[in-house]
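These notes are about the structure you will find just below.
Below, chain A is the first sequence line, B the second, and so on; all start at residue 1. Everything numeric in this text was worked out from a predicted model, so none of it was measured. Every heavy atom of this structure was used, including side-chain atoms; hydrogens, water molecules and symmetry mates were not.
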Amino acid sequence: MLDIKVIRQNLEECQTALRHRGDNTDLAALVALDDQRRQLEQQRSALEAEANEVQKQVGKLKQSDPHHPDIDHLKQKANQIKEKIAALVTAEEAVRQQLHQQLLTVPNLPHPSTPIGSSEADNRVVRTWGEEYKPRHPVLPHWEIGEKLGILNFERAVKVAQTRFVNLVGAGAQLERALINFMLAEHSRRGYQEVMPPFLVNSQSLQGTGQLPKFASDAFRCQEDDLWLVPTAEVPVTNLYRDEILDSSQLPIKHCAYTPCFRREAGSYGRDTRGLIRLHQFNKVELVKFVLPSESEQEHESLVQDAEHILQLLKLPYRVVELCTADLGFAARKCYDLEVWLPAAGQYREISSCSNFGDFQARRANLRYKTKGKKGTEFLHTLNGSGLAIGRTMCAILENYQQPDGRVLMPTVLHPFLGYTAL
RNA sequence: GGAGAGAUGGCCGAGUGGUCGAAGGCGCAGCACUGGAAAUGCUGUGUGGGGCAACUCACCGAGGGUUCGAAUCCCUCUCUCUCCGCCA
């Protein structure tokens, strides 16, 4: 959530920044609402002071003389003030709610360093790692080689659930599990504390990270319970510290977490209908950081490197892309995507998204920290990134490690986690 | 699912209708004492909104009610703990 105070002070800059990401919220209207709110609050607060004064008088009188003739008069006066207050409170609350609800739907402002652009074509390739795998033999797309090897089964998954689900079989299920274990082990080794959070979260958590209220239709919901299936571990992990005041000495806090992710993929009909690329349920290992604002940029860079590290160990060619303002997610101010090389299609596909949210999520989720010896509290910064999406990693392995004879070798680093070295 | 108990400031804990934003302790910070430290003593120490100075308002799990006045009384909800039941 944006800070209305910041908007008030930099109306033009904020408006321009939003326009760069294709958002046309009228910030001046929000400021007008805030003016209204302040005015009502001042009136109310003055009346309340008056009422408190009268109450004290009643108290004093009652103690000295319980039947003092002025008491009834004062009570009457207090009641009159109370009525006025009640009217103001109603008006104020309405304005406050309206302002709040509107602010919740305004996306984050892009960081000044985020390239300005109008579509994903304006994203910037920052660096490329490894060589694109272009063997002489044809490479089968992962879903074909997967079904051929008997490790991916879509038909039965569709019977059991719906389209866009998969059933992993035998060595495939094992590979999925090995990838999860490998990634968690590697991130833990590099200083991320592993957590296993709830896979169902309440509405407040989704609001905290920004999925609600605007993107309700992207998530699966358990209507009866006000619980939602997590679309990403970002939601439960970031909300772990909701409404807490952390000590600055605790920061940065770094967590890694495995969760399944559930997404309705509304609006993506016809896209990536085959294979593991776009499913309603997929596994992911996520990295989440809570950091001091002064350190958020360098922590972001190192987060990207931690995700890249996994691809490097797996020896999968990839590139790092910095998203332009138009392609930025709702809550992000700056974002790098890692795109892995998929030889069957001859293209790079997103396998990780590493975002810096600034204090946007911290405001929504009320994530604060306090510095010893310093007055007051401040909002911290949140960052997260996939490290990595498991299913898409499996795609990349099935294609990049595919041999002319149809076998698929396993990356060396996975051997300790697997019972085999090739499929 | 059934029965009971509880929720107060960073922590512990007092407070059953008025001067309580809240005793006391711990912790923390500053000062004094000391060569330095410990111990001791003194002082200070919640969050948020408005003004941005004085000041003012709100907040004792959440929401509502009674009252001139609620941490204190009433109602609803949430959560925690104990016992029983069920269960991976």
Distance test, side-chain N/O of A:Arg38 to OP1/OP2 of B:G51, below 4.0 Å: yes
The side chain of [X] is closest to which nucleotide in this list: [options]?
X        : options             : result
A:Thr377 : B:C68, B:G48, B:G49 : B:G48
A:Glu48  : B:G51, B:A58, B:G49 : B:A58
A:Gln42  : B:G50, B:C57, B:G48 : B:G50

[N] to [M] separation - [atom1] atoms, rounded to the nearest Å:
N     : M     : atom1 : result
B:U72 : B:C20 : C1'   : 11 Å
B:G6  : B:G61 : C1'   : 11 Å
B:U47 : B:G35 : C1'   : 43 Å

Pair partner, [N] [Watson-Crick or wobble, under 3.5 Å]:
N     : answer
B:G63 : B:C75
B:G1  : B:C84
B:G41 : B:C31
B:A53 : none
B:U16 : none

Working to the nearest 0.5 Å, report the span between [atom1] of [X] and [atom2] of [Y].
X        : Y        : atom1 : atom2 : result
A:Asp306 : A:Met183 : CG    : CE    : 13.5 Å
A:Lys334 : A:Glu322 : NZ    : CD    : 4.0 Å
A:Arg363 : A:Leu104 : CZ    : CG    : 12.5 Å

Under 4.0 Å between a side-chain nitrogen and a carboxylate oxygen: does that hold for A:Arg349 and A:Glu339? no
Relative to each other, are the rings of A:Phe165 and A:His280 parallel, tilted or perpendicular (30° and 60° limits)? tilted
Spacing of [X] atom [atom1] relative to [N] atom [atom2], expressed in whole Å:
X        : N     : atom1 : atom2 : value
A:Ile71  : B:G69 : CD1   : P     : 14 Å
A:Gln39  : B:G50 : CD    : P     : 14 Å
A:Gln43  : B:A58 : CD    : C1'   : 17 Å
A:Arg368 : B:G10 : CZ    : C1'   : 13 Å

Determine whether a donor-acceptor pair (N or O, by modelled atom type, separation under 3.5 Å) exists between the side chain of A:Arg364 and the backbone of A:Gln207. yes
Residue closer to the 5' end of RNA chain B, A:Lys82 versus A:Glu41 (nearest nucleotide): A:Glu41
Stepwise salt bridge (charged side-chain N to carboxylate O under 4.0 Å, His left out) test for A:Asp34 and A:Arg38: CA-CA 6 Å; A:Asp34 191 50; A:Arg38 287 175 185 223; 3.0 Å; yes
So A:Arg37, base contact, sugar-phosphate only, or nothing? Heavy-atom distance under 4.0 Å. sugar-phosphate
Where along residues 51-58 of chain A does a heavy atom come under 4.0 Å from RNA chain B, residue by residue in number order? A:Asn52, A:Gln55, A:Val58
